[in-house]
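Atom set for the values below is all heavy atoms of this structure, side chains included, hydrogens, waters and symmetry mates excluded. So you know, we letter chains A, B, ... as the sequences are listed, proteins then strands, and number each from 1. Model, not experiment: these values are computed from the prediction.
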There are 2 protein chains.
Amino acid sequence: MFDIDVRSRVPIYEQLVDNIKMMIIQNVLEKDEKLPSVRKMAQEITINPNTIQKAYRELESEGYIYSLPGKGSFVSDTKNTVSSQKIEMLEDNLEGVVKELIYLQVPVEKIKTLVDLAEAEMREDGNQ
Amino acid sequence: MFDIDVRSRVPIYEQLVDNIKMMIIQNVLEKDEKLPSVRKMAQEITINPNTIQKAYRELESEGYIYSLPGKGSFVSDTKNTVSSQKIEMLEDNLEGVVKELIYLQVPVEKIKTLVDLAEAEMREDGNQ
DNA sequence: TAACTGTATTATTATAGTTAATACGGTTTG
DNA sequence: CAAACCGTATTAACTATAATAATACAGTTA
């Protein structure tokens with residue numbers, strides 16, 4: 001269910017946070033859906049429950065999930081939360097990079113191919 | 001001269017490597033230019049000489065600089081590699097930005113439209 | 001010769017991530 | 001009610017890596 005690389009420099013708990021965030025944003029996990037319990041998740045991916053707890057605590061503090069002691073952890077309603085400001089910033093970035101590439105004679109078609117590649121990778125493994 | 005964040009998760013020596021690489025690729029540092037000595041650089045940015053040494057060793061092994069014991073460390077001739085490496089760097093950037101945009105639900109087609117827009121602007125007024 | 005270079009080595013400290021072992025109280029289920 | 005789940009909290013220990021510290025050696029330069 002989750003894609004963790006234990007020897008990455010990115011801490012496990014943070015990989016978990018990123019993974020779950022993405023699944024929430026992409027609606028793979030839906031509003032009020034129950035996440036695996038701390039202990040079950042720990043068993044599933046064979047890491048320590050405390051590491052899961054840390055990830056869940058982080059996700060909760062960022063508003064992606066909410067936890068009910070005794071019941072479980074659930075996906076928050078994030079419908080209206082996606083940051084248009086961040087998108088705008090990234091689009092500016094994109095413009096800059098694209099212009100530099102074109103300046104260096106990289107054809108537009110090549111750039112679009114790279115966009116497709118990035119998207120394909122994104123779907124494959126969800127990494128950044 | 002260099003832009004180091006000692007409390008970043010990226011190790012100092014790696015920040016140094018990235019910094020210097022970029023300056024070489026962008027021709028801020030020119031061929032055969034002398035870099036600050038290990039000890040002087042350590043003094044300048046108040047970190048341990050061994051950390052500088054580690055960065056220089058890395059840069060040398062990647063061919064960005066060459067070192068002459070007793071004389072100093074110097075920028076390699078990267079004339080024929082710079083352009084392709086710069087492109088590579090930009091393509092990595094592109095990949096990152098695109099993935100983040102997709103992560104934020106921006107459709108691939110929208111991204112490609114932005115690529116076209118950037119190209120059009122590029123042709124119009126020649127800006128970067 | 002003195003002061004600089006790169007290079008190497010060994011030991012130590014600091015920090016962050018992770019694991020481990022428990023514990024407590026709420027919830028669900030049989 | 002009791003057992004088996006839940007989230008949560010705490011403390012200690014282990015690990016890996018980055019960074020520091022203290023030297024040392026040999027080549028170069030002024």
Side-chain angles (χ1 to χ4, degrees), chain A residues 1-21 24 29 31-76 127-128, chain B residues 1-21 24 29 31-76:
Chain A
M1 185 175 192
F2 297 100
D3 164 33
I4 301 298
D5 176 8
V6 291
R7 87 196 81 183
S8 164
R9 181 158 61 200
V10 178
I12 295 175
Y13 78 91
E14 200 167 313
Q15 293 181 52
L16 254 180
V17 167
D18 291 342
N19 259 310
I20 295 175
K21 258 191 209 175
I24 291 175
L29 298 174
K31 175 174 181 282
D32 295 326
E33 185 171 339
K34 190 172 182 299
L35 291 172
S37 78
V38 167
R39 291 170 179 85
K40 195 177 168 194
M41 172 88 84
Q43 212 172 1
E44 263 180 28
I45 55 185
T46 53
I47 64 169
N48 195 281
N50 290 345
T51 305
I52 312 289
Q53 191 189 340
K54 190 170 184 180
Y56 278 19
R57 193 190 307 135
E58 175 73 15
L59 283 165
E60 181 163 25
S61 84
E62 291 187 38
Y64 284 89
I65 69 174
Y66 61 95
S67 294
L68 304 179
K71 302 192 75 173
S73 299
F74 306 86
V75 175
S76 295
N127 287 341
Q128 309 191 28
Chain B
M1 185 177 192
F2 297 99
D3 164 33
I4 301 298
D5 176 9
V6 292
R7 87 196 79 184
S8 163
R9 181 159 62 200
V10 178
I12 295 175
Y13 79 91
E14 200 166 314
Q15 292 182 53
L16 254 180
V17 167
D18 290 343
N19 257 311
I20 296 175
K21 258 192 209 176
I24 290 175
L29 298 174
K31 174 176 180 279
D32 295 325
E33 185 171 338
K34 190 173 181 301
L35 292 171
S37 78
V38 167
R39 292 169 180 83
K40 195 177 169 193
M41 171 87 84
Q43 211 171 1
E44 263 179 29
I45 54 186
T46 51
I47 63 169
N48 194 279
N50 289 346
T51 305
I52 312 289
Q53 189 188 341
K54 188 169 184 178
Y56 278 18
R57 193 191 306 136
E58 176 72 14
L59 283 166
E60 182 164 25
S61 83
E62 291 188 38
Y64 285 89
I65 69 175
Y66 60 95
S67 295
L68 303 179
K71 303 191 73 171
S73 298
F74 306 86
V75 176
S76 295

For K54(B) and dA19(D), is the shortest distance between a side-chain N/O and OP1 or OP2 below 4.0 Å? no
Which nucleotide in the set dT20(D), dG6(C), dA19(D) lies at the smallest distance from any side-chain heavy atom of S37(B)? dG6(C)
Do the side-chain N or O atoms of K71(B) get closer than 4.0 angstrom to the phosphate oxygens (OP1, OP2) of dG6(C)? no
Without decimals, in angstroms, what is the distance between I65(B) CD1 and dT5(C) C1'? 13 Å
4.5 Å side-chain heavy-atom contact, I12(B) and N48(B): no
Side-chain N or O of Y13(B) closer than 4.0 Å to phosphate OP1/OP2 of dA19(D): no
Can you tell which of dG17(C), dT5(C), dA8(C) lies closest to the side chain of R57(B)? dA8(C)
Using whole Å, report how far CD1 of I52(B) lies from C1' of dA18(D). 13 Å
Between dT8(D) atom C1' and E58(A) atom CD, what is the distance in whole Å? 16 Å
L16(B) atom CG is separated from dA19(D) atom C1', nearest whole Å, by 13 Å
Round to a whole Å and report the spacing from CZ of R9(B) to P of dG17(C). 7 Å
Hey, is the side chain of S73(B) poking within less than 4.0 Å of OP1 or OP2 on dT5(C), counting only N and O atoms? no
side-chain N/O T51(A) vs dT19(C) OP1/OP2, d < 4.0 Å: yes
Residue N50(B), side-chain atoms from C-beta onward, closest of dT8(D), dT9(C), dT19(C): dT9(C)
Counting only heavy atoms not in K71(A), do more than 12 sit closer than 6.0 Å to its NZ atom? no
Evaluate the side-chain proximity of I4(B) to I47(B): yes if any heavy-atom separation is below 4.5 Å, no if none is. no
Among dT19(C), dG6(C), dT8(D), the one nearest R39(A) by side-chain distance: dT8(D)
Below 4.5 Å, heavy atoms only, C-beta onward: do P11(A) and K54(A) meet side chain to side chain? no
Kindly point out which of dT5(C), dT18(C), dG7(D) is positioned nearest to the side chain of Y56(A)? dG7(D)
Check if the side chain of R7(A) and the base of dT15(D) share a donor-acceptor pair of N or O atoms closer than 3.5 Å. no
